[in-house]
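Written out below as structure tokens is the structure these notes cover.
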Amino acid sequence: MDQIRIAGGRALKGEISIYGAKNAALPLMAASLLTSETLTLSNLPHLADISTLAHLLAGLGVEIGMNGDADNGGNAGRVLSLRAETISETTAPYDLVRRMRASMLVLGPLLARAGAATVSLPGGCAIGTRPIDIHLAGLERLGATIELRHGYVNAAAPRGLTGGEFRLPVPSVGATENLLMAASMAKGETVLSNAAREPEVADLANCLCAMGAEIEGIGSDELRVRGVAGLHGTDHEVLPDRIETGTYALAAAMTGGEIELVGARAELLSSPLEAFAETGMHIGETARGLVVRGDGRARSIDVQTQPYPGFPTDLQAQMMALMAVSDGASMITETIFENRFMHVPELVRMGADITVRGGTALVRGVAKLKGAPVMATDLRASVSLVLAGLVAEGETVVSRVYHLDRGYERLEQKLAACGAQIERVEP
Ligand code: UD1
């Protein structure tokens, strides 16, 4: 299994292209199940999770065409056309779903289009128990019958789904997306309250509207969906990845460098950019995106993760890497997922001073981290180790990098192009 080897200490300078958001691309791909016409998605990132879902969709009968490539030097990314002329299969098998929790996103559209869906219970990142009860309760509210048997969810709505009112107990991103897709083709009106407001949910809703769905309240926590009999194809450009943006912004700042993030959109990251600015980072908008500069040692600040528009849980580990070398002490509180501090023992191996009590980590900034062999545990945890490696004295070797490949396209190339000493090696 590949490793990433980093020799720390270089200030990063240059530009990095921000690709389309993985977390928007996945539900958008699942939306292709809702129509017999072609859905063409552009600016898709080239990532393991995208291939996993493409594989799963192909097994359900979706014809997938690919053109364009992120290697062409542009920011256009990959273009994928998806055509589900007929649904030939309604089972999403264990060996694909276990690799990625987002496979659950086929449940809503399969039910809406084919009246039945059998989806294995999910796997994905090992960050807490991450149940799917809200997805299931919402679909039941729309008239589906649900049974759990032998590790599979069996859902059926042979006479179609019917609109209804559903309040999400917590604003789950995946459940909101699943229910939006299901409700767009249900009979009558659905009102989802306490819905997730993440920009990726809005991106999906906008695409569904372009496919003929009728959705009001996009971007708010109350979504009103008037079901329509059928949806049609469209072309849609995936919005830029705010988590990738935030991650490279932190890389620039931590190394005392300056990076232009081409294609980044500041309005998708108001809360993290505010937090970054408080630490002393310089952030400016440019004609092409954002420019971020680090100037001296960062100041420690307290951070608490929250659903959007709050500070994203997907940037918590990376922020902790910055706080590990900042001036002062920082309290980082994780409120979305339990067990999302798996990067802590690895950062401590590199000399960080961090203690965890419940959902809060107390990070006392140290002057220097020291390179060490460390292990990636989940997607965002692994990239925090890369950030730490970029500023550590000596060599850091991150193993189990398949986690990184799920969410960061060409990470080592992008960082190396800005002057980082980083390479992928076979052990
Ligand atoms: C999505 C993102 C993930 C991000 C997360 C929170 C994708 C593909 N992934 O994951 O990167 O970290 O949002 O921003 O978009 N919950 C339940 N029952 C459910 C569903 C969720 O209790 O049925 C809980 C979860 O355990 C968690 C919270 O709700 O505590 C939020 O999870 P959710 O928003 O659903 O995360 P995902 O959609 O899986």
Side-chain angles (χ1 to χ4, degrees), residues 20-31 44-45 47-50 52-53 56 97 99-108 119 121-141 146 148 153 155 166-182 192 194-205 221 238-239 241-244 246-247 268-269 271-272 304-319 333-342 359 378-384 403-404 406-408:
K22 167 181 86 78
N23 287 354
L26 295 171
L28 286 164
M29 288 169 70
L44 275 183
L47 296 170
D49 275 10
I50 300 291
T52 303
L53 186 59
L56 195 160
V97 180
R99 283 194 234 160
M100 186 182 65
R101 177 180 163 84
S103 311
M104 284 310 296
L105 291 167
V106 302
L107 187 57
V119 178
L121 288 165
C125 284
I127 46 173
T129 46
R130 299 181 90 177
I132 54 156
D133 55 319
I134 305 170
H135 299 241
L136 303 185
L139 291 170
E140 276 180 329
R141 187 71 195 81
I146 309 253
L148 297 182
V153 177
F166 182 69
R167 183 178 172 79
L168 285 84
V170 295
S172 155
V173 174
T176 304
E177 293 166 342
N178 236 333
L179 295 172
L180 256 186
M181 290 189 276
L192 301 174
N194 198 30
R197 284 182 285 167
E198 269 67 4
E200 294 76 22
V201 176
D203 203 33
L204 171 68
D221 66 353
V238 180
L239 94 176
D241 197 318
R242 61 196 166 98
I243 306 302
E244 190 188 28
T247 302
L268 303 176
L269 291 108
S271 160
Q304 182 164 11
T305 64
Q306 292 290 350
Y308 192 84
F311 192 95
T313 173
D314 285 352
L315 280 174
Q316 178 257 107
Q318 300 90 311
M319 187 68 181
T333 306
E334 172 59 55
T335 72
I336 310 292
F337 294 113
E338 77 270 30
N339 196 20
R340 205 175 198 181
F341 283 140
M342 287 175 302
D378 76 28
L379 173 51
R380 310 302 172 184
S382 10
V383 85
S384 76
H403 288 291
L404 278 175
R406 291 188 45 213
Y408 291 91

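Any value given below was found using the heavy atoms of this structure, including those in side chains, with hydrogens, waters and symmetry copies removed. None of these values were measured; they are calculated from a predicted model. In each ligand, atom 1 is the first atom listed, and ligand 1 is the first ligand listed.
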> For ligand 1, which atoms, with element, lie under 4.0 Å from some heavy atom of R101?
Replying inline: 20 (C), 39 (O)
> Side-chain contact, heavy-atom cut-off 4.5 Å: P171 with D221?
Replying inline: no
>> Just so I know, are the side chains of I243 and K22 near enough to count as touching, which here means a heavy-atom distance under 4.5 Å?
In response: no
>> Between Y408 and R380, is there a side-chain heavy-atom distance shorter than 4.5 Å?
In response: yes
> Is any NZ, NE, NH1 or NH2 atom of the basic residue among R242 and E200 found under 4.0 Å from an Asp or Glu carboxylate oxygen of the other?
Replying inline: yes
> How does E177 reach ligand 1, if at all, at less than 4.0 Å between non-hydrogen atoms: by side chain, backbone, both, or neither?
Replying inline: neither
> Of all the heavy atoms in R340, does at least one lie under 4.0 Å from an atom in ligand 1?
Replying inline: yes
> Hey, which atoms in ligand 1 end up nearer than 4.0 Å to a heavy atom of G174?
Replying inline: 35 (O), 38 (O)
> Which residue, L179, N194, L139, forms the side chain to side chain contact (heavy atoms under 4.5 Å, CB included) with F166?
Replying inline: L179
> Taking non-hydrogen atoms only, is I336 closer than 4.0 angstrom to ligand 1 via side chain, backbone, both or neither?
Replying inline: both
> Taking the minimum heavy-atom distance to atom 26 (O) of ligand 1, which of S103, P171, P131 ranks first?
Replying inline: P131
> Is T313 touching ligand 1 with its side chain, its backbone, both, or neither, if touching means heavy atoms under 4.0 Å apart?
Replying inline: side chain
>> Counting only nitrogen or oxygen atoms and a 3.5 angstrom limit, does L26 reach ligand 1?
In response: no
> Can you find an N/O atom of R380 closer than 3.5 Å to an N/O atom of ligand 1?
Replying inline: no
>> In this structure, does ligand 1 have an atom that sits under 4.0 Å from one of the heavy atoms of E200?
In response: no
> With backbone taken as N, CA, C and O and side chain as the heavy atoms from C-beta onward, which portion of D133 lies under 4.0 Å from ligand 1: side chain, backbone, both, or neither?
Replying inline: both
> Hey, does R197 have a side-chain heavy atom less than 4.5 Å from the side chain of P307?
Replying inline: no
> Taking N or O atoms only and a 3.5 Å limit, does A175 qualify as a polar contact for ligand 1?
Replying inline: no
>> Do I134 and P169 have side chains that approach each other closer than 4.5 Å (heavy atoms only, starting at C-beta)?
In response: yes
> Would you say K22 has any N or O atom under 3.5 Å from an N or O of ligand 1, going by distance alone?
Replying inline: no
> Hey, does the side chain of E198 reach the backbone of V201 with a donor-acceptor pair shorter than 3.5 angstrom?
Replying inline: no
>> Using a 4.0 Å heavy-atom cut-off, which part of V170 comes near ligand 1: side chain, backbone, both, or neither?
In response: side chain
> Touching ligand 1 at all, A196? Heavy atoms, strictly under 4.0 Å?
Replying inline: no
>> Below 3.5 Å, N or O to N or O, backbone or side chain included: is there any such pair between A102 and ligand 1?
In response: no
>> Is any side-chain heavy atom of D241 closer than 4.5 Å to one of L268?
In response: no
>> Is any side-chain heavy atom of R340 closer than 4.5 Å to one of D314?
In response: yes
